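Okay, structure first, notes after.
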Amino acid sequence: MKRHGNLYALATSEDALYQAYLDARRGKRARHACHQFERALGTNLETLRRTLADGSYQPEPYRSFMVYEPKPRLISAPSFRDRVVQHAIYGVVRPIFDRTFIDQSFACRPGLGTHAAADYVQHALAHSAPCSYTVHLDVRRFYYSIDRAVLQQLLARKIKDQRLLTLMMRFTEMPDPVGLPIGNLLSQLFALVYLNPVDHFIKRELQVRRYCRYVDDLVLLDLPRPDAFAAKAEIERFLRHELHLQLSKATIAPTSRGVNFAGYRTWATRRFVRRHALANFRKAVRRGDAQAVMSSLGHARKSASHSHLINHLKEHWHALSTCLPPGHRRVDHAPAAVA
């Protein structure tokens, strides 16, 4: 396995930090922290470069807050300067690790995401044997359960530059002995790296042909019933012994029942948005929140729920519906039910 060195200087160079600043500010230029950093951009970037070069750089304390959708989570938001450093690291190491990921790992990767994950599952269901089974697994408290010592070992398999590895691990530090802060760019990458071994175990050792993952949501498809139960037991053992993780949910069901995955309830011929997405859409309509409405419609665009949402919008907020792009104004003759 090839390991990469001489990366620290590359990630902390003047050019890398400036590009990282451009990446960090994307979509956030109106925020106070971004504005403050930009007011003395040259000085701030040079200070970052110098402290990274002499080893005196330390991440600042996180700004922590709770979010409650789709479930309660503590978010640890880094300062803008630390976002810049994370983007600089990410720009160097992401391509190295991305080459090791299977094509069916869909979360937090360019060109993929929930729509691609749902497309894959629907295609797999459509090509599954009529009497086959699916296995749907969720990892219990995934981000909070990641063993940082195991993570460092996984990172070191590809990164031999100890200075960069030490810098990367500084962004994993938490008061608890295990877990990663949620809200970090690097935490997203670390999550992909951490479960990458189980992806390869499922594909190579268990030889499951139709399989995909979205963060800590794992789906195996088109399995005979005995193989489905055997695979579930083997994966549970692998997670426990190799990654120190446990399952929170394991569902083994006939393919005809579909799969609840990546924000959709999906069958071989159709899919629907989930109930909490429908509830969020209706709340956004009542608030007149056009941005949230558009986000919900974008999520539903390739589902059978789309026309239902458009009809609801036209009925309850017609003025808002007239502002939609043409692609979101189409209404089917028979509105779809929502699963």
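This is a predicted model, so every value here is computed, not measured. Counting from 1, the numbers follow the sequence of the chain as shown.
Note that CG of L112 and SG of C212 are 11.0 Å apart. Values are rounded to the nearest 0.5 Å. Note: Q188 CD to L180 CG = 11.5 Å, rounded to the nearest 0.5 Å. With values rounded to the nearest 0.5 angstrom, L22 atom CG is found 10.5 Å from H87 atom NE2. Expressed to the nearest 0.5 Å, how far CG of L220 lies from NZ of K232 amounts to 12.5 Å. How far CD1 of I96 is from NZ of K158: 8.0 Å, rounded to the nearest 0.5 Å. Rounding to the nearest 0.5 angstrom, the gap separating the NE2 atom in H244 from the OG atom in S145 is 12.0 Å.
Closest approach of R213 and F261 over heavy atoms only: C-CZ, 4.1 Å. Between A107 and Y214, the shortest heavy-atom contact is CA-CE1, 3.7 Å. Scanning all heavy atoms of the two residues, the minimum distance from A156 to L165 falls at CB-CD2, 3.9 Å. The two atoms that bring P254 and Y133 nearest to each other are N-CD2, 3.5 Å, heavy atoms only. Among all heavy-atom pairs drawn from R237 and F201, the shortest one is NH2-CZ, 3.8 Å. Residues A124 and R210 approach most closely at CB-CD, 3.8 Å, considering heavy atoms.
Residues V135 and F229 are members of one and the same hydrophobic cluster, defined by side-chain heavy-atom contacts under 4.5 angstrom among Ile, Leu, Val, Met, Phe, Trp and Tyr. Taken together through direct or relayed side-chain contacts under 4.5 Å among Ile, Leu, Val, Met, Phe, Trp and Tyr, I252 and I235 form part of one hydrophobic cluster. In this structure, M174 is not a member of the same hydrophobic cluster as V67, with clusters built from ILVMFWY side-chain heavy atoms closer than 4.5 Å. Note: the hydrophobic cluster containing M169 also contains I159 (ILVMFWY, side chain heavy atoms under 4.5 Å, direct or indirect links). Follow the hydrophobic side-chain contacts under 4.5 Å out from F142 and you reach L247 in the same cluster.
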How far apart are the C-alpha atoms of L221 and V208, what are their side-chain angles, what is the distance that settles it, and do they pass the side chain to side chain contact (heavy atoms under 4.5 Å, CB included) test? CA-CA 8 Å; L221 306 108; V208 176; over 6 Å; no
From CA spacing to verdict: side-chain hydrogen bond (donor to acceptor under 3.5 Å, both in side chains), Q122, Y264: CA-CA 10 Å; Q122 188 165 2; Y264 300 93; over 6 Å; no
Please report the C-alpha distance between E60 and R81 in whole Å, then the side-chain angles of each, then the deciding distance to 0.1 Å, and finally whether the side chain to side chain contact (heavy atoms under 4.5 Å, CB included) criterion is met. CA-CA 9 Å; E60 296 176 344; R81 72 186 275 273; 3.0 Å; yes
Apply the test side chain to side chain contact (heavy atoms under 4.5 Å, CB included) to residues L192 and R109: give CA-CA distance (whole Å), side-chain angles for both, the deciding distance (0.1 Å), then the verdict. CA-CA 9 Å; L192 287 170; R109 297 177 67 192; 3.9 Å; yes
Residues Y57, L167; criterion side chain to side chain contact (heavy atoms under 4.5 Å, CB included); working and verdict: CA-CA 9 Å; Y57 169 82; L167 178 61; 3.8 Å; yes
In sequence, state the C-alpha distance, the side-chain angles, and the governing distance for F80 and F37, and then conclude on ring-ring contact (aromatic ring centres under 6.0 Å, His included). CA-CA 7 Å; F80 188 82; F37 191 88; 5.1 Å; yes
So D176 and Y144, side-chain hydrogen bond (donor to acceptor under 3.5 Å, both in side chains) or not? Walk me through it. CA-CA 9 Å; D176 296 329; Y144 301 111; over 6 Å; no
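Between K2 and H4, the closest side-chain pair of non-hydrogen atoms falls below 4.5 Å. Proximity of L154 to P197: side-chain heavy atoms (C-beta onward) are separated by under 4.5 Å at one or more points. Looking at heavy atoms from C-beta onward, D199 lies in side-chain contact with Y211 at the 4.5 angstrom threshold. Residues L155 and F190 meet the side-chain proximity criterion, which asks for heavy atoms closer than 4.5 Å. Between I182 and L74, the closest side-chain pair of non-hydrogen atoms is not below 4.5 Å. In this structure, the side chains of D216 and Y143 stay at 4.5 Å or more apart for every pair of heavy atoms. A 4.5 Å side-chain heavy-atom check between F171 and V85 finds at least one atom pair inside the cut-off. Between L245 and L195 there is a side-chain heavy-atom pair separated by less than 4.5 Å.
Side-chain N or O atoms of R31 include none that pairs as donor or acceptor with a backbone N or O of A33 at under 3.5 Å. No side-chain donor-acceptor contact under 3.5 Å links R209 to the backbone of K203. Y8 places a side-chain N or O within donor-acceptor distance of the main-chain N or O of L52, the cut-off being under 3.5 Å. In this structure a side-chain-to-backbone donor-acceptor pair under 3.5 Å is missing from R83 to P78. Panel note: side chain T166, backbone Q162; a donor-acceptor pair is recorded below 3.5 Å. Under a 3.5 Å cut-off, the side chain of R148 and the backbone N or O of G179 do form a donor-acceptor pair. In this structure, H127 contributes its side chain and H123 its backbone to a donor-acceptor pair below 3.5 Å. Of the possible donor and acceptor atoms, none in the side chain of R270 sits under 3.5 Å from a partner among the backbone N and O of T266. Judged by distance alone, the side chain of S105 and the main-chain N or O of I102 form no donor-acceptor pair under 3.5 Å. With hydrogens and angles ignored, the 3.5 Å screen pairs a side-chain donor or acceptor of Q86 with a backbone N or O of L185.
Enclosure of atom CZ in R204 is not indicated, since only 12 or fewer non-hydrogen atoms of other residues, nucleotides or ligands lie within 6.0 angstrom. Surrounding OH of Y18 are at most 12 heavy atoms belonging to other residues, nucleotides or ligands under 6.0 Å away. Enclosure of atom CZ in R141 is not indicated, since only 12 or fewer non-hydrogen atoms of other residues, nucleotides or ligands lie within 6.0 angstrom. Residue E46 places its CD atom among more than 12 non-hydrogen atoms of other residues, nucleotides or ligands, all under 6.0 Å distant. Within 6.0 Å of the CG atom in N6, the count of heavy atoms belonging to other residues, nucleotides or ligands does not exceed 12. Within a 6.0 Å radius of CZ in R240, more than 12 heavy atoms belonging to other residues, nucleotides or ligands are found.
Judged by distance alone, the side chains of T255 and S132 do bring a donor and an acceptor atom under 3.5 Å apart. No side-chain donor-acceptor contact under 3.5 Å links D147 and Y194. Side-chain polar atoms of D15 and Q19 form no donor-acceptor pair below 3.5 angstrom. With no hydrogens or angles considered, no side-chain donor-acceptor pair links Y90 and D23 at under 3.5 Å. Side-chain contact, H115 with Y120: no donor N or O sits under 3.5 Å from an acceptor N or O. Using modelled atom types and a 3.5 Å distance limit, the side chains of D82 and S79 yield a donor-acceptor pair.
Relative to the ring axis of F272, R265 does not place its NZ or CZ within 45° and under 6.0 Å from the centre.
A side chain to side chain donor-acceptor pair (under 3.5 Å) with H136 holds for exactly one of N260, T251, D217; it is D217.
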